[in-house]
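Notes follow the structure.
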Amino acid sequence: MSLLSDRQREDLHKSMLDYLYANNHIEAFNALKESAGLEYTPDPSARYTGLLEKKWTSVIRLQKKIMELENRNSQLQEELSLSPAKRAAAQSDWLPRAPAAHVLTGHRAPLTRVAFHPQYSVLASASEDATVKIWDWETGEFERTLKGHTKPVNDLDFDHKGHLLVTCSSDLFIKIWDSQNEWKNTKTFPGHEHAVSSVRFMPGDQLIISASRDRTIRLFDVASTHQIRTLSGHSEWVRCAVPSSDGKLVVSCSKDQTVRLWDPLTGETKSELRGHDNDVLVVAFAPISAYAAIRELAGIPNTDRTKRHGLFVASGARDKTIKLWDTQTGQMIRNLAGHDNWVRALAFHPSGKYLLSSSDDKTIRAHSHFVATLAWGRQPAGGADTKKATANGADSTEVAEPEKVVNVVATGSVDQTIKIWLP
């Protein structure tokens, strides 16, 4: 079935005849004329005169234009997929790059800790100025100051819903603030006999764990504020105590140059990790997403696919090194040198491929002074470290992948500023 009308077909034939006649192809001209049964008299003013060449050159021009547009389109698609904003916002391997998106100012003394709200774009910061400040990290806007401590605030942590914020201070007290009730200070925990250097919610949010310069680690019940256990063993100031993501282990570090692993249920020391030559300032459990990379780095065969929580720990110290430890054997599996000064803060990348550290050599290198603290945005619940329970209540080794990575980093410095790093 022809796509052309009779008139279009006649015009086409006549334009072909015109072309053949004009170019002196007389035999072909006569054959087409006879075959098509057309009467044809060359006429320079007829609409089909020169039509075939015009159509042909315009088709070539259009083809060329289409090819140019297709090339440009694929080039733009590639550029778009590689543009930092597009790539980084969705990417699992984004890393903070200068310049910072926001610089938050307002504290009147060095920063000690920053913590992200688990659901909203809220950041809490603690400072030696005895205050906690609340910010919107997306806009960089200051929201409020929490006053109640009388000496430097050394640490803070949100519970897993973000309803409560716990803080600790050199004034010997731990305080809880209610984010759903105008950030009121609803609870105060006495008990430590010297500056409280770290505090965290235990998984489940019913207990808090604190570390102090009084050489102890203590567990408190949130509801009653009662102290329920004391973990003793360090011979010096305990800088930091952190629970594993299932709450079955606690890791601590101290001025006594050791890292210790504890059973929080019994209060017993499981192992003492020795290897640092100076005060150990910071410890962090590796997320399950980091296990494969750690095994590769340490040369451990990846035949062991265990997904249990708390298998590896990183520690940072005044000896300028970061060390990776196997919590099951108590062995140091890797020593990471590279900083030129005390290592003050550690955070594992959500992908598990990187360990971010900050030090008194001013790296992350965008503050004008020592970087005292850094935090990665809290990943959504249901991410890689979410443990599933089987029907009989036993822990299953199934690990859900994070639905999306939250790409934001906050750093706090001795220069009294907080910097927000965004894609």
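No side-chain heavy atom of Phe142 sits under 4.5 Å from any side-chain heavy atom of Leu104. Side-chain contact check for Leu164 versus Phe201: some heavy-atom pair is nearer than 4.5 Å. At least one side-chain heavy atom of Trp262 sits under 4.5 Å from a side-chain heavy atom of Ile217. At a threshold of 4.5 Å between non-hydrogen side-chain atoms, the residues Val259 and Val251 count as touching.
Crowding of Arg108 atom CZ: a count of heavy atoms from other residues, nucleotides or ligands under 6.0 Å not exceeding 12. The environment of Glu236 atom CD is dense: over 12 non-hydrogen atoms of other residues, nucleotides or ligands sit within 6.0 angstrom.
Each of Asn185, Leu172, Asp171, Thr131 was evaluated against His149; a single residue qualifies, Asp171, per the side-chain contact (heavy atoms from CB on, under 4.5 Å) test. Of the options Val283, Asp155, Thr112, a side-chain contact (heavy atoms from CB on, under 4.5 Å) to Ser198 is made by Asp155 and by none of the others.
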Apply side-chain hydrogen bond (donor to acceptor under 3.5 Å, both in side chains) to Asn181 and Thr186, showing your working.
CA-CA 9 Å; Asn181 182 19; Thr186 53; over 6 Å; no
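For Asp205, the side-chain hydrogen bond (donor to acceptor under 3.5 Å, both in side chains) test picks out His160, with sequence neighbours left out.
Defined by atom type and a distance below 3.5 Å, a donor-acceptor pair is missing between the side-chain atoms of Thr258 and Arg274.
Salt bridge status for Lys270 with Glu268: absent, with no side-chain N to carboxylate O gap under 4.0 Å.
With ring centers used as reference points, Phe312 lies under 6.0 Å from Tyr291.
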